[in-house]
Amino acid sequence: KTVAKKQDSFYFDNFVACAEESCRAAQMLKDSFENFDPEKVKSQLDEIHKVEHSADLKKHAMLDRLVKEFLPPIERNDIVSLSQNIDNVTDEVEEVLLRVYMNNVKEIEPNALKMTDIVIQCCEAMKDLLVEFRNFKKSRTLKDLIIRINDLEEKSDRLFVESIRGLFTEPNDLYRIIAWKDIYEYLEHCADACEHVADVVESVVMSNS
């Protein structure tokens, strides 16, 4: 019995550890934006890539283990899907900074900072959700955490719409519009990716209740 529990906890611990990498990447993105220096973006990108790589290694360790697992704690395809979706969050956060670098941005838009704050909140809520996930059969707070992530994603959506509208209504240079439309889209993907994690958790709970 205890061996089985210990084996099960490997997966749940791994989900949380991967979500912590997402939180770390989101915080690095915010630090880059708050003390923005175009000269430092390349080295910041290298740092955030290390986090993304570390998350990848954790994901692969879990999938390697899953191949050999006789009876995983939840359906195999749910473990694969959840693992992939958590990994996507870190990827999307890295993509935002990559776009800032590629588009040769010289200063950060105020709304980008607001959206990055929401991304951090989404990642933290996702981590809390995954901490709680191991007790999904008797958890009282899982539903609230899923709702919180959905609410944050909607908040991100609204800010995204206003940000894009702002680009096209204020007197602007075309370069700024092209650069920032791109970056805002990737910021929006981050919140979406967290919501996808919540969707997978919700469907696992539904199919196991």
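Worth saying up front: this structure is predicted, and the values here are computed from it rather than measured.
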Under a 3.5 Å cutoff, is there a donor and acceptor pairing between the side chains of [X] and [Y]?
X	Y	result
Asn104	Lys106	yes
Glu109	Ser163	no
Gln27	Asp31	yes
Glu52	Thr90	no
Glu95	His189	no

Exercise. Is the backbone of Ser203 close enough, under 3.5 Å, to the side chain of Ser207 for a donor and an acceptor to pair up by distance?
Worked result: yes
Exercise. With distance as the sole test, does Asn14 use its side chain to make a donor-acceptor pair with the main-chain N or O of Lys58 at under 3.5 Å?
Worked result: yes
Exercise. Counting only heavy atoms not in Phe36, do more than 12 sit closer than 6.0 Å to its CZ atom?
Worked result: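 Yes.
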Exercise. With a cut-off of 6.0 Å (strictly less than), are more than 12 heavy atoms of other residues, nucleotides or ligands near CD of Glu170?
Worked result: yes
Problem set entry | Partner residues of Glu69 under the salt bridge (charged side-chain N to carboxylate O under 4.0 Å, His left out) criterion, sequence neighbours left out |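 Glu69: salt bridge (charged side-chain N to carboxylate O under 4.0 Å, His left out) contacts with Arg65.
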Seminar exercise, completed: Residues at least two apart in sequence or cross-chain that pass salt bridge (charged side-chain N to carboxylate O under 4.0 Å, His left out) with Lys50, listed by chain then number, are Glu47
Exercise. Is Leu66 reachable from Leu57 through a run of hydrophobic residues whose side-chain heavy atoms are each under 4.5 Å from the next?
Worked result: no
Provide the closest heavy-atom pair for [X] versus [Y] in the form atom of the first, atom of the second, distance.
X	Y	result
Ala25	Ile48	O-CD1, 3.5 Å
Thr116	Ala112	OG1-O, 2.6 Å
Tyr11	Pro73	CD1-CD, 3.6 Å

Taking [X] first and then [Y], would you say they form a salt bridge - that is, a charged N and a carboxylate O separated by under 4.0 Å?
X	Y	result
Arg99	Glu185	no
Glu21	Arg24	yes
Asp151	Lys155	no

Problem set entry | With sequence neighbours excluded, residues passing ring-ring contact (aromatic ring centres under 6.0 Å, His included) with Phe160 | none
